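Working notes for the structure below.
From a predicted model like this one, the values you see are computed outputs, not experimental measurements.
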Amino acid sequence: MVRSIVHMDLDTFFVSCVRLQNSDLEGIPLIVGGGDRGVVASCSYEARRFGVHSAMPIKMALRLCPEARIVKGDMELFSRYSHTVSQIIEEKAPVMEKASIDEFYLDITGMDRFHGSYKWTHELSSMVTRETGLPISFALSVNKTVSKIGTGEGKPKGNLEIPQAMVQPFLNPLSIRKIPMVGNATFTLLSRIGIRSIGTLAEMPAKVLQEMIGLNGLELWKKANGIDHTPVEPYRERKSLSTEDTFHQDTTDMVFLRAVLSGMVEKLAYQLRSEGWLTSNVTVKIRYSNFDTETRQVTIAYTSADHTLTRAVLEAFEKLYQRRMSLRLVGVRFGRLVRGSYQINLFEDTQEMMSLYQAMDKIKNRFGANAVMRCSGAFVKPKVN
């Protein structure tokens, strides 16, 4: 049976999420990233016209597009929207694989017996946009590779169906850069011998490619010929929650660093409770000014309480940060997630503490995660050395 594989991709996902929160950002060049020292996480089509693209340093992006508006990424917001989209798709699709925060593969093989596969997919994408406000593109073809390339070629707002008979005519004129596994090094190597289109690559003997590139040569030849038997793996629940912050200026200010970490814990703990998770594994990450990166991991009883997690994070940080060299980044990760609601610790917690969490969560649910926070987590400015 010929497979029917769908690739769905949320268009400029981070930008779309930010615009849903602030309609004033519609229609202007917009960059989502981590400040002057960071890189572009996502950018609007208005910014792309100036040559801005993902992973570009923010400073370079601003030189190309000085009028661009910079907005700092909000992973809590992005995760919430991604989770909503996942639920909509998972409820309708026979098999769904979540490839990333904004990409999904669906295996709808055999659905043509009951529905038109393209019509069904189009209705699903319309449902996603209707219920979330997020634009989403898709391509329907015979495997993951062709579907993913098809989604890219159809953007923005263009949805493609590429049946088996049209796979090679569709792929042949495209640049080899369109193949997901082709990076800069492979592109440069193949370009030197005149291979720039997928059609030319497909005509090369597989053995020659293997000798040039190694083990990936055969896989690359298969993809160029529209061959990909990779299955759609069913969606699995998340295994961790994490966040990190790169500072505008390297610092050794302990008051500032503790405040940043406390604020991170508070946001992640709220996300744990909102999504019904408990964690028993806490990891703290630091990066020194010379780019050395270190982590420390601790195991605790399952919890989603701010005060317990904050204490674990700060204790781990104190033991980890020993060199007293300036730091450029800190991060926090909660792992070993399980479903559940927080249980009161009989030795430490009080009913007043639980009532406080419930009240704070209600306010955050209604007015946003930053509507109320502990003083210990309020970000203060670092001292200038």
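- For the side chain to side chain contact (heavy atoms under 4.5 Å, CB included) criterion with S147, the lone passing option out of M8, H7, R3 is H7.
- Under the 3.5 Å distance criterion, with hydrogens and angles disregarded, a donor-acceptor pair is assigned to the side chains of T145 and K223.
- A salt bridge does not link D107 to K144: none of the charged nitrogens lies less than 4.0 Å from a carboxylate oxygen.
- With sequence neighbours excluded, the residues satisfying ring pair (Phe, Tyr, Trp, His ring centres under 6.0 Å) with F317 are Y321.
- The local environment of CZ in R324 is crowded, with over 12 non-hydrogen atoms from other residues, nucleotides or ligands closer than 6.0 Å.
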Starting from the C-alpha separation in whole Å, work towards a yes-or-no answer on ring pair (Phe, Tyr, Trp, His ring centres under 6.0 Å) for Y81 and F13.
CA-CA 9 Å; Y81 274 115; F13 175 55; 7.2 Å; no
Step-by-step ring pair (Phe, Tyr, Trp, His ring centres under 6.0 Å) determination, F138 to Y118:
CA-CA 10 Å; F138 73 83; Y118 181 87; 5.4 Å; yes
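- At a threshold of 4.5 Å between non-hydrogen side-chain atoms, the residues F187 and S175 count as touching.
- S137 pairs with exactly one of L160, D11, L10 by the side chain to side chain contact (heavy atoms under 4.5 Å, CB included) rule, that one being D11.
- The pair D24-R19 does not meet the salt-bridge criterion, since no charged nitrogen lies less than 4.0 angstrom from a carboxylate oxygen.
- Here the rule is side chain to side chain contact (heavy atoms under 4.5 Å, CB included) with E294, and of K285, R323, R287 only R323 fits it.
- A salt bridge links E153 with K178: the distance from a Lys NZ or Arg NE/NH1/NH2 to an Asp or Glu carboxylate oxygen falls below 4.0 Å.
- Salt bridge absent: K98 and E90 never bring a charged side-chain N and a carboxylate O closer than 4.0 Å.
- Between D228 and K148 there is no salt bridge, since no side-chain N of the basic residue sits under 4.0 Å from a carboxylate O of the acidic one.
- Within 6.0 Å of atom CZ in R69, 12 or fewer heavy atoms from other residues, nucleotides or ligands are found, so the atom counts as exposed in its surroundings.
- Look at E315 and R296 and you find no salt bridge, because none of the NZ, NE, NH1 or NH2 atoms lies under 4.0 Å from a carboxylate O.
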